[in-house]
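First up is the structure itself, then whatever we jot down about it.
Each chain gets a letter, A, B and so on, in the order the sequences are listed, and its residues count up from 1.
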Amino acid sequence: MKPETATASTPAKVHFHEPQIEMAHGAGGIASRRLIEGLFAPLLLGSANEPLGDSAALEVAGVRVAITTDCFVVKPLCFPGGSIGELAINGTVNDLAVSGARPEAIVATFVLEAGLPTEVLEAEVRAMGQAARQAGVTIAGGDTKVVEHGKADRMYITTTGVGSFLSGVHIRPRSIRPGDKVILSGPIGDHGITILLARGELDLEANLSSDTRSVFPLVEAMTHAAGAGIRWMRDPTRGGVATALNELARDCGRGVHLNEDKIPVRDSVRGACELLGLDPLHIANEGQFLAVVSPEYSDMALNALCQSDGGEDAVIIGEVHEQPAGSVLITTGYGGSRIIDMLVGDPLPRIC
Amino acid sequence: MCLAIPGKIVELFPGVPHLASVEVAGVRRKVDLGLLQDDPPTSGDWVLIHVGFAMSKISEQDALEQMQTLMILGENEQAMQEVRGYGLDDADDHNVS
Amino acid sequence: MRFVDEFRDPGVITRTADEIRRLVDPNRHYRLMEVCGGHTHAIYRFGLKDILPPNIELIHGPGCPVCVLPMGRIDDGLSLAHHPDVIFTAFGDMMRVPGTQGSPLEHKARGMDVRIVYSPSDALKLAKTNPDKHVMFFAIGFETTAPSSALTLMRAKAEGIRNFSLFCNHVTIIPAIRAILDSPDMRLDAFIGPGHVSTVIGCRPYEWIVKDERKPIVISGFEPLDMLQSIVMLLRQLKSGKAKVENQYRRVVPWEGNRAALRAMAEVFQLRPYFEWRGLGFISQSALRIRDTYAEWDSEQRFNVPGVRVTDPKAAQCGEVLKGVLKPAQCKLFGRECIPEHPVGALMVSSEGSCAAYYNYEHRKAITTSLAWPA
């Protein structure tokens, strides 16, 4: 998370008072947000009141560039549909894309655990190269450190990306109005459920793969057709669609209403979620994005996506309302509704 | 105590009679059939799964009957309103769906 | 999904809700208790309150096995995780429940070997693949889950797997319902009965409710149409002044229950003379312990368990909420000291606890919505 306009600032007061860091602080939900807003933001970003976005805008010698960074920790390293290398490229590419920027270049750092077989590292680096070529980004450099056995889960990768802003796109959460439409690019839950199953602890099998991919071509097509109407975009990674839209609702002070019947979920994702008592809205995605588009442009935006390769399943899943301010409400086809919140930590399977 | 899901038995294991592979919307898991040993299910049967154990066989007949009962709920009332419409009530009080 | 989607059909749901509206007496206030936490969860997940008439009040009962577990029992189970060679396993539902020294997940963060399992048979498999460790399974649940625990221990014994034990916190549903009906502050008209518990115990164990207490009970499934149909059946009974045990969930629940499951439970478990239920106090003959014939697989007999009683903070009103006497929002700690992130009581941490359900799904809804049923 970065402020939308980065400037040097004086530190503000820390308001994160928990004695130790827990797993929940990295899960992308409520606890993560508390850590970022309570400790990182005040000390590093000062008292800037700007909403935090996926990338920051920098001005370097008069030119506006987007910059973003992300670290990738995944177990297992390889899973159906991809591996940590692809995630590391596509994740950063997507953060730039949903900020309205064309991904241009990436630098990568590796923390490697001593004892990691070289062939594993080589496979990941090949995967990164392939993903970068597919996404049209240059890998401009990187760094490597090796730590003792047991001090890293085989490999951690951090990628930092820069991009050039697309013209005609002005992403501003504060410009969101009641009546704006919420668009989702495709089915949700594929990545998170694939990872959960790949860990092997639950003994479930399914014909599922991660949806990791660059969403930039879809974003580009959408902004080309309807750029003037795009108010906000985000890629719903850890914490899922629920977290992304809750952040939106809080940042813009409005309510987000979703239509449950419209939300695309593959059968096996649904099956796994029903079996384990999980909600697809809380599950991570690595190849989808959300957009809030003004009603005048939403049909054009949707058409542009549906006509693009990989965007055929794009759909309008809801719209912005005044109330309930700061929350997300989801309604069924028969009129039953409930609030969808961010989770505290990672979604856990349940039996009750 | 309550999360239990209907699944279809797709594979039995000849060497291990108490285990079966059960499928829920394309997701497969080995399920223990030990609690149904008095009337063991076969491939193609639907069972209710809870914590990796089959709790009960699902009766397709009962499920169908339940839906039929629910479907005629509204119809009975529609029929009643039609009948009322024929009677001594106001001329305006005709069938309302 | 077969046997799921049909029972979520929006058109049929709307018609069934219409029928409920036709059946209610507008001058009467109906108090229906759903006993089972899974039904509480379903009510919120499917937004059923939005389509029921306002004079039907759904009261949440104590059928949440996580919610009724005293904090001391969680401490007892976690004390076993401190042993260096023990792998502590439990369902995901238990992982965030706080003991006095933190929850299982917090213990994991401090380096203890704590793992989530989907099934007790997965815990047994862990024992087989980790012969130099002891795998302990923290068992919770009503009669729905107890047979699976029982069968797992029977398999452990038959296969001679000695590095496995179960910490048994299984409880039984009938004493919980009795405690509700014995409570002087309770005014209830009827019960929505626990569908999955009944696949094991059948429908006979509820007959005293209709005979002695003259209150109807309908054993219900968990899909929206199941619960709505059960409400239709209850309203018809109340209208006619009858009180019967009815089985709405016929596609799954056999009237006589599951004999093989009951046999497995009888083989492995016996009733404890009494057991402490969080919020309800000590109830006799309400919980299971492992028989001496399976002592080797009983964590409480293999290990020294502290057995310290931990009382809830005085301000927490878990007991009254559990009994349905108070609504979650009426507890003084609700939404302030007690929220899902830092729960004081288990009703806020369990996914089917009424406080968590209300907090997560409902209390920020406070809007006039056009979804509400016209009066």
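Neither the backbone nor the side chain of I193(A) comes within contact range of chain B; no heavy atom of the residue lies under 4.5 Å from a heavy atom of that chain. There is no contact between L208(A) and chain B, counting heavy-atom distances below 4.5 Å.
Taking NZ of K30(B) as the start and CD of E205(A) as the end, the distance is 6.5 Å to the nearest 0.5 Å. Atom CZ of R28(B) and atom CG of L197(A) lie 10.0 Å apart (nearest 0.5 Å). To the nearest 0.5 Å, atoms CG (D203(A)) and CZ (R29(B)) are separated by 5.0 Å. Atom SG of C352(A) is separated from atom NE2 of H50(B) by 7.0 Å, given to the nearest 0.5 angstrom. Note: L275(A) CG to L3(B) CG = 8.0 Å, rounded to the nearest 0.5 Å.
Enclosure of atom CG in D313(A) by more than 12 non-hydrogen atoms of other residues, nucleotides or ligands within 6.0 angstrom is indicated. Residue K8(B) places its NZ atom among 12 or fewer non-hydrogen atoms of other residues, nucleotides or ligands, all under 6.0 Å distant. D309(A) CG: 12 or fewer foreign heavy atoms inside a 6.0 Å radius.
Residues A25(B) and G271(A) come closest through the heavy atom pair CB-CA, 3.8 Å.
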